[in-house]
Structure formats: structure tokens, C-alpha cells
Amino acid sequence: MSAQPDHAPGPPYAPAPGAPAELLAQLRADRRAATWVPAFEREWAAALEESRRTFSLAPLYEVVQDWQSRLAHAPAVDAFVASGYDDSDAIDLAELRRRRR
């Protein structure tokens with residue numbers, strides 16, 4: 001009997017080639033465009049520079065995945081904020097992600 005897992009992890013998700021442009025169009029159409037578009041562009045530029053330095057597309061994939069997630073979860077966040085729940089004990093998600101790496 002082997003001690004190897006019975007399943008192999010799948011390859012990391014790779015966004016479609018046009019995903020960054022589509023994502024930017026969605027961000028521009030969002031009511032938060034004034035803050036989100038410049039933030040996305042800064043993160044994309046930093047990831048692009050990192051990719052050039054390391055010859056890896058992973059930083060670009062991460063930026064696209066993070067922003068796709070932000071857009072997908074924005075309605076739930078808006079509903080939470082509108083509900084008036086106390087979120088003073090919240091954890092910064094970016095900090096949590098850095099700890100896992």
C-alpha cells in the first residue's frame with residue numbers, strides 16, 4: 001500500500017488571455033471605479049514587473065483572481081455593511097493570505 005494521496009492536485013487556475021481586459025471593463029462599470037480602477041492598475045503593473053523579473057505568470061494570475069473575487073463578493077459585502085453588523089473584530093484578508101504563503 002502506498003502512502004501517496006489517492007488524488008493529485010489540479011493545475012493552478014489560469015485565467016483566459018482576455019480576462020484582465022474584461023476585468024478592467026467590469027471595474028470601470030462598478031460604482032467603486034474611482035478607487036478600484038487605480039488600485040487594480042497599480043497591482044497589475046507591479047505583477048507585470050514581477051513576472052518580467054521571474055519569468056512567471058503566477059503574479060498576473062493572482063491579481064486577476066483576487067480582483068475577480070472582489071467583484072464577485074462585492075454584493076455580499078455591501079449587504080453586510082448595510083445590515084449594520086459590527087465588524088470591528090475583522091481580519092485583513094490580505095494579511096491572512098500573506099501568512100498562508
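The shown structure was predicted, so the numbers you read here are calculated from the model rather than taken from an experiment.
Here the side chains of Trp44 and Leu24 are not in contact, with every heavy-atom distance at 4.5 Å or above.
For Glu50, the salt bridge (Lys or Arg N to Asp or Glu O under 4.0 Å) criterion is met by Arg53, not counting sequence neighbours. With sequence neighbours excluded, the residues that form a salt bridge (Lys or Arg N to Asp or Glu O under 4.0 Å) with Asp30 are Arg32.
Atoms CG and CD, on Leu57 and Glu62 in that order, are 11.5 Å from each other to the nearest 0.5 Å.
Salt-bridge formation is not detected for the pair Arg42/Glu49: no Lys NZ or Arg NE/NH1/NH2 atom is positioned less than 4.0 Å from an Asp or Glu carboxylate oxygen.
Residue Ala33 comes nearest to Leu27 through the heavy atom pair CB-O, 3.3 Å, listed as atom of the first residue, atom of the second, then distance.
Between the side chain of Ser51 and the backbone N or O of Ser56 there is at least one donor-acceptor pair closer than 3.5 Å.
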Verdict with supporting geometry, Arg31 and Asp78, side chain to side chain contact (heavy atoms under 4.5 Å, CB included): CA-CA 12 Å; Arg31 67 179 179 83; Asp78 290 342; 3.0 Å; yes
Could you pull out every donor-acceptor pair under 3.5 Å between side chains of residues 67-75 and any protein atom, sequence neighbours left out?
| residue | atom | partner | partner atom | Å |
| --- | --- | --- | --- | --- |
| Trp67 | NE1 | Glu43 | OE1 | 2.9 |
| Ser69 | OG | His73 | ND1 | 3.2 |
| His73 | ND1 | Ser69 | O | 2.7 |

